[in-house]
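Chain naming here is simple, since letters A, B, ... match the order of the sequence lines and numbering starts at 1 in each. Values in this document were obtained by computation on a predicted structure and should not be read as measured data.
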Amino acid sequence: MPKEHANWSPYDNNGGTCVAIAGSDYCVIAADTRMSTGYSILTREYSKICKLADKSFMASSGFQADVKALQKVLSSRHLIYQHQHNKQMSCPAMAQLLSNTLYYKRFFPYYAFNVLGGLDSEGKGCVFTYDAVGSYERVGYSAQGSGATLITPFLDNQLKSPSPLLLPAKDAVTPLSETEAVDLVKTCFASATERDIYTGDSVEIIILNANGVRRETEQLRRD
Amino acid sequence: MGNVITLMEESVLSTHKAEMDTLLTSKGDSQRTQYPYVTGTSVIGIKYKDGILMAADMGGSYGSTIRYKSVERIKQVGKHSLIGASGEISDFQEILKYLDELILHDNMWDDGNSLGPKEVHNYLTRVMYNRRNKFDPLWNSLVIGGVKNGHKYLGSVSMIGVNFEDDHIATGFGNHLARPILREEWREDLSFEEGVKILEKCMRNLLYRDRSAVNKIQIAKITEEGLTVSQPYSLKTFWNFAAFQNPTVGAEGSW
């Protein structure tokens, strides 16, 4: 008996863009707040950023239901970690956990494009960038999602990151100040909004440093 | 070594053989939902001053036939919530059974606590997402609204688990035809009459342009005090456009 074809897809792309930039003693994690399906906007005020630990924030775009499930899995794993170790997970540890969680569903992936941002154990900013099945690396900055192709070249130009192939390995963390980095992120989103239909409405920016967490919102074009 | 199967293993194998067969052969695939049969069209929900208003028509279409005209697509859930569904009606009935059990267990705790709309929404999101993971979705788009402890809540879940909350929600065609009206006219402090007027405007728009809409609607209201579902009624429509009087005057022989 010939196999029937399903006429529905278990995946959908709800759009959106995520960016993170690591500084010497801070980290900026940002994502737009638009949620779309096809050519429709579902809502203009949906947060794509999730606090996984005191010093780890994850911004994810892609298929919202998978993103939500992923956030839940990581949050509960972190809670168990806290019960077992009596401390918060470090950002590099969370980075490894996220990679393993994504690869666990290698043959029915979480359609989520993630950037993990936070402070490492030395208080330096760290950003980890992922694909949908868990391959990751630590970088100085990253963009993921529908506007990533528009933002990444701009960030490459402005942040002049050293090649990861250099020896000795040069730190990719930007020498920019915190306010300069936040301003740069706002510029990135304003530009991406112009040309990417899935990016817009507003951008939510999380700034993590030694003093704690700060949250900023900036309005973007709603068309 | 030889084929040594104990008596117990054999009985276990035989009971599970039929089950395993359906999962492994293509016969197993036909057990999964492929397409909807009897469907409901859009549901619209808005927050207003005192709570939530939700509107849906009473149609159940069987493909292109409007087969059922008295389908209640908005139902109460517990003390604080309303659920409206579009999509496969039989799957909605199954969801109502799940919710019935959920509310029953919540009541049996007898601890003065009761599930609010946010909790119901979260539960349904998990149910829908889990069914999607098994490639056997409940073919519905749901709208959950309610008020608990003064907090108004309005959210949506789709058949693949996409969920969000907002001040106004619509499913199906409503997303394209009603949402723009709501984006323009919705305000935080709508009165009940204003809210109904806006919903009627949206439903009328859907009547004109959605072929699976029927002119028999119900509007449900939920506030801190309680819930009311209106009696079914019809909207007034206007067809007296000059171009409809003599439709082929510009091109004889065409429609």
Checklist entry - Counting only heavy atoms not in R187(B), do more than 12 fall under 6.0 Å of its CZ? => result yes
Checklist entry - Around K55(A), counting heavy atoms of other residues, nucleotides and ligands shown, do more than 12 lie under 6.0 Å from its NZ? => result no
Next on the checklist: Is it true that D166(B) and T43(A) share a donor-acceptor pair across their side chains at a distance under 3.5 Å?
Outcome noted: yes
Next on the checklist: For the CZ atom on R209(B), are there more than 12 heavy atoms of other groups (residues, nucleotides or ligands in this structure) within a distance under 6.0 Å?
Outcome noted: no
Checklist entry - Would you find more than 12 non-hydrogen atoms of other residues, nucleotides or ligands less than 6.0 Å from F154(A) atom CZ? => result yes
Checklist entry - Would you say N175(B) and L42(A) make side-chain contact, with heavy atoms under 4.5 Å? => result yes
Checklist entry - When rounded to the nearest 0.5 angstrom, what is the spacing between CZ in F164(B) and CZ in R44(A)? => result 12.0 Å
Next on the checklist: Would you call the rings of W139(B) and W8(A) parallel, tilted or perpendicular, taking 30° and 60° as the class edges?
Outcome noted: perpendicular
Checklist entry - What part of Y11(A) lies closer than 4.5 angstrom to a heavy atom of chain B: side chain, backbone, both or neither? => result both
Next on the checklist: Looking only at heavy atoms and a cut-off of under 4.5 Å, which of T37(A), V67(A), N14(A), D66(A) has the most pairs with chain B?
Outcome noted: D66(A)
Checklist outcome for this item: In this structure, CG of N122(B) is separated from NZ of K68(A) (nearest 0.5 Å) by 7.0 Å
Item to check | Atom group of M128(B) that falls short of 4.5 Å from chain A, counting heavy atoms | outcome: neither
Next on the checklist: Could you measure the distance from the CG atom of N163(B) to the OH atom of Y46(A)? Nearest 0.5 Å is fine.
Outcome noted: 5.5 Å
Checklist entry - Counting only heavy atoms not in N86(A), do more than 12 sit closer than 6.0 Å to its CG atom? => result no
Next on the checklist: Just checking E45(A): does its CD atom have more than 12 heavy atoms from other residues, nucleotides or ligands closer to it than 6.0 angstrom?
Outcome noted: no
Checklist entry - Is the OH atom of Y37(B) crowded by more than 12 outside heavy atoms at less than 6.0 Å? => result no
Checklist entry - In terms of heavy-atom contacts, does NZ of K148(B) have more than 12 from other residues, nucleotides or ligands at under 6.0 Å? => result yes
Checklist entry - Given side chains that start at C-beta, do those of K72(A) and R126(B) come closer than 4.5 Å, heavy atoms only? => result yes
Checklist outcome for this item: Smallest heavy-atom separation, V162(B) atom then A65(A) atom, equals N-CB, 3.8 Å
Item to check | Segment of N133(B) engaging chain A (4.5 angstrom heavy-atom cut-off) | outcome: both
Checklist entry - Short question: side chain of R179(B), backbone of S40(A) - any donor-acceptor pair under 3.5 Å? => result no
